[in-house]
Number of protein chains: 2
Amino acid sequence: MQLKKYTDYGLRILMYLASFDADDKCAEPKLATIREICDTFDLSANHVNKVVHHLGRLQLIETRRGKNGGFLLAKQPEDISLAFVIRQLEGDEKWIECENPYCVAMPACELKGIVARGKELFYDYLSQYTLKSLMVKAPQLRQIFSTAS
Amino acid sequence: MQLKKYTDYGLRILMYLASFDADDKCAEPKLATIREICDTFDLSANHVNKVVHHLGRLQLIETRRGKNGGFLLAKQPEDISLAFVIRQLEGDEKWIECENPYCVAMPACELKGIVARGKELFYDYLSQYTLKSLMVKAPQLRQIFSTAS
DNA sequence: TCAAACATACATTCATAATGCATTTATTAT
DNA sequence: ATAATAAATGCATTATGAATGTATGTTTGA
Ligand code: SF4
Ligand code: SF4
């Protein structure tokens, strides 16, 4: 019972982007690159590669190929729901798998419903937070990110 | 992000015991055995063995070795909290691991706290349910369990 | 046309849940 | 006493999926 690193990596990437996004309002924000993220967080380039691609497909970031390419937030931080991000990156599977193999208790089991509602409660709770909620210490984050090797 | 089968097996065992427990109030309830559980749910004997042992250590069931041995509920179903059972069987690790390897964002990261509170919210929600909550269809469960090969 | 950057596909490694096997210990009916 | 039964315990193995690695393709700007 733990979030995948994959999911957390996605959130780190968004936090990274948002922390610099807040920097200059009007100007076109500088694009970040996979290399940059890997250097900052000391992560595997290929893993980050996939997460970035995923975030792109989710339209949370805009990716640009080619020289001087990279990616940037496609929305305002306050419009990026943590519930959405985590649900999508994590996958939305049931927290208990009752088929596969089939459980005889199924027809009369209250448990699966209780756990399913617990899961929804977790996401409901997360839905009150956005990427902006993670930016209360944006200057410190920016400081950390820009000094990290 | 899914509960371990191990955890679900534990809950099935408790449900099994409770469903028959409700049967006769005053008489010493019949003991269930690992073999019985395995036959009913079509599970691996050794896996169930471990879960039963764990439930015993948690004082949720009383185990008896030797001929005519087995196990039975050590408490009333209404005194067995689902939050406790799931937390114990599942293990109580953090849902995001920020050390191992160490994440540079740590000092300024709001995310870890948000997720940790979400986890607690999940368990708070579960704490309003007990094994008895799973017994609303006890007769049907008993029916299923007694007819399952 | 070259180099930089993401896109894509596939292969491999690693962690751990899940399962299997063997033996020991306790209990009780015979 | 003894044999049968059932849980306790320890260790080995397998299966699954996350995590990571390798390779190549594609787009884009200088
Ligand atoms: S016991 Fe209930 S929750 Fe668990 S597998 Fe069976 S039906 Fe699903
Ligand atoms: S980003 Fe925050 S939650 Fe994720 S690992 Fe780093 S400190 Fe922990």
Side-chain angles (χ1 to χ4, degrees), chain A residues 1-10 12-13 17 28 30-39 41-74 86 89-97 100-101 103, chain B residues 1-10 12-13 17 28 30-39 41-74 86 89-91 93 95-97 100-101 103:
Chain A
M1 197 62 166
Q2 210 169 336
L3 294 176
K4 292 185 284 188
K5 290 190 178 182
Y6 183 87
T7 303
D8 183 63
Y9 291 174
R12 291 196 210 180
I13 293 165
L17 294 172
E28 171 84 341
K30 188 183 72 60
L31 277 69
T33 68
I34 291 173
R35 176 181 311 279
E36 216 176 299
I37 301 286
C38 294
D39 288 348
F41 293 103
D42 193 28
L43 300 178
S44 147
N46 291 278
H47 209 190
V48 172
N49 188 335
K50 280 163 201 169
V51 182
V52 165
H53 179 56
H54 197 162
L55 292 173
R57 278 192 287 129
L58 293 173
Q59 316 233 45
L60 296 173
I61 63 179
E62 183 192 327
T63 62
R64 294 198 192 144
R65 306 214 267 197
K67 203 157 190 175
N68 298 329
F71 42 87
L72 72 167
L73 286 180
I86 294 179
L89 295 185
E90 190 66 21
D92 201 9
E93 66 198 349
K94 280 190 277 188
W95 284 6
I96 293 187
E97 189 59 67
N100 178 52
C103 170
Chain B
M1 197 61 167
Q2 210 168 334
L3 294 176
K4 291 186 284 187
K5 290 190 178 183
Y6 182 88
T7 303
D8 183 63
Y9 291 174
R12 292 197 209 180
I13 292 165
L17 293 171
E28 170 84 344
K30 189 183 73 59
L31 278 67
T33 68
I34 290 173
R35 176 180 311 279
E36 216 175 299
I37 300 285
C38 292
D39 288 348
F41 292 102
D42 192 29
L43 299 178
S44 146
N46 291 278
H47 210 190
V48 172
N49 188 334
K50 280 161 200 172
V51 182
V52 165
H53 179 55
H54 197 162
L55 291 173
R57 278 191 287 126
L58 293 173
Q59 317 232 46
L60 296 174
I61 64 178
E62 181 191 328
T63 62
R64 294 197 194 143
R65 305 213 269 196
K67 205 160 190 174
N68 297 331
F71 44 87
L72 72 166
L73 287 180
I86 294 178
L89 295 185
E90 192 64 22
E93 66 198 351
W95 283 6
I96 292 188
E97 189 60 66
N100 181 49
C103 170

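A, B, ... follow the sequence lines: proteins, then strands. Residue 1 opens every chain. Just so it is clear, the structure is predicted and the values come from calculations on it, not from any experiment.
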To the nearest 0.5 Å, what is the distance between [atom1] ([X]) and [atom2] ([Y])?
| X | Y | atom1 | atom2 | result |
| --- | --- | --- | --- | --- |
| A:Cys103 | B:Lys5 | SG | NZ | 11.0 Å |
| A:Trp95 | B:Glu90 | CH2 | CD | 10.5 Å |
| B:Asn49 | B:Leu43 | CG | CG | 12.5 Å |
| A:Leu89 | A:Leu58 | CG | CG | 6.0 Å |
| A:Thr33 | A:Asn68 | OG1 | CG | 11.0 Å |
| B:His53 | B:Phe71 | NE2 | CZ | 13.0 Å |

Query raised in the report: Between B:Arg12 and B:Asp8, is there a salt bridge with N-O shorter than 4.0 Å?
Result: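 Answer for the salt bridge query: yes.
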Rounded to whole Å, how long is the line connecting atom [atom1] of [X] with atom [atom2] of [N]?
| X | N | atom1 | atom2 | result |
| --- | --- | --- | --- | --- |
| A:Glu62 | C:dA5 | CD | C1' | 14 Å |
| A:Asp39 | C:dA5 | CG | P | 11 Å |
| A:Leu31 | D:dG29 | CG | P | 11 Å |
| A:Glu90 | D:dG17 | CD | P | 14 Å |
| A:Ile37 | C:dC6 | CD1 | C1' | 13 Å |
| B:Phe41 | C:dT19 | CZ | C1' | 18 Å |
| A:Glu36 | C:dA4 | CD | P | 15 Å |

**Report entry** Partner residues of A:Glu97 under the side-chain contact (heavy atoms from CB on, under 4.5 Å) criterion, sequence neighbours left out
**Finding:**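 Expected list: A:Glu99, A:Asn100, B:Gln2.
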Query raised in the report: Taking only residues two or more places apart in sequence, or in another chain, which ones meet B:His54 in a side-chain hydrogen bond (donor to acceptor under 3.5 Å, both in side chains)?
Result: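 Testing B:His54 for side-chain hydrogen bond (donor to acceptor under 3.5 Å, both in side chains), a comparison that skips the adjacent residues, returns B:Tyr6.
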Report each atom pair, protein N/O against N/O of nucleotides 15-18 of chain C, whose distance is under 3.5 angstrom.
{"residue": "C:dA18", "atom": "OP1", "partner": "B:Lys5", "partner atom": "N", "Å": "2.8"}
{"residue": "C:dA18", "atom": "OP2", "partner": "B:Tyr6", "partner atom": "N", "Å": "3.4"}

Any N/O pairs under 3.5 Å between the protein and nucleotides 26-30 of chain C? List them or say none.
{"residue": "C:dA26", "atom": "O4'", "partner": "B:Arg65", "partner atom": "NE", "Å": "3.1"}
{"residue": "C:dA26", "atom": "O4'", "partner": "B:Arg65", "partner atom": "NH2", "Å": "3.1"}
{"residue": "C:dT27", "atom": "O2", "partner": "B:Lys67", "partner atom": "N", "Å": "3.0"}
{"residue": "C:dA29", "atom": "OP1", "partner": "B:Asn68", "partner atom": "ND2", "Å": "3.4"}

Query raised in the report: Where the side chain of B:Thr33 is defined as all heavy atoms beyond and including C-beta, which of D:dA7, C:dA5, C:dA7 is the nearest nucleotide?
Result: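 Output: D:dA7.
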Requested in this report: Using the side chain to side chain contact (heavy atoms under 4.5 Å, CB included) rule, pick out the option among A:Leu17, A:Ile13, A:Leu55 that qualifies with A:Leu73.
Outcome: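 Among A:Leu17, A:Ile13, A:Leu55, the one that satisfies the side chain to side chain contact (heavy atoms under 4.5 Å, CB included) with A:Leu73 is A:Leu17.
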Report task. Check each residue of residues 52-60 of chain B for a non-hydrogen atom within less than 4.0 Å of any atom in DNA chain C, then write out the ones that pass by number, or none. Result ->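 None, since no heavy atom is under 4.0 Å.
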Report task. Inspect the surroundings of CZ in B:Arg35 and state if more than 12 heavy atoms from other residues, nucleotides or ligands are less than 6.0 Å away. Result ->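 No.
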Query raised in the report: OP1 or OP2 of C:dA7 sitting under 4.0 Å from any side-chain N/O of A:Thr63?
Result: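 Looking at the OP1 and OP2 atoms of C:dA7, one of them is under 4.0 Å from a side-chain N or O of A:Thr63.
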Are any protein N/O atoms closer than 3.5 Å to N/O atoms in nucleotides 22-24 of chain D? If there are, list each pair with its distance.
{"residue": "D:dT22", "atom": "O4", "partner": "A:Asn46", "partner atom": "OD1", "Å": "2.8"}

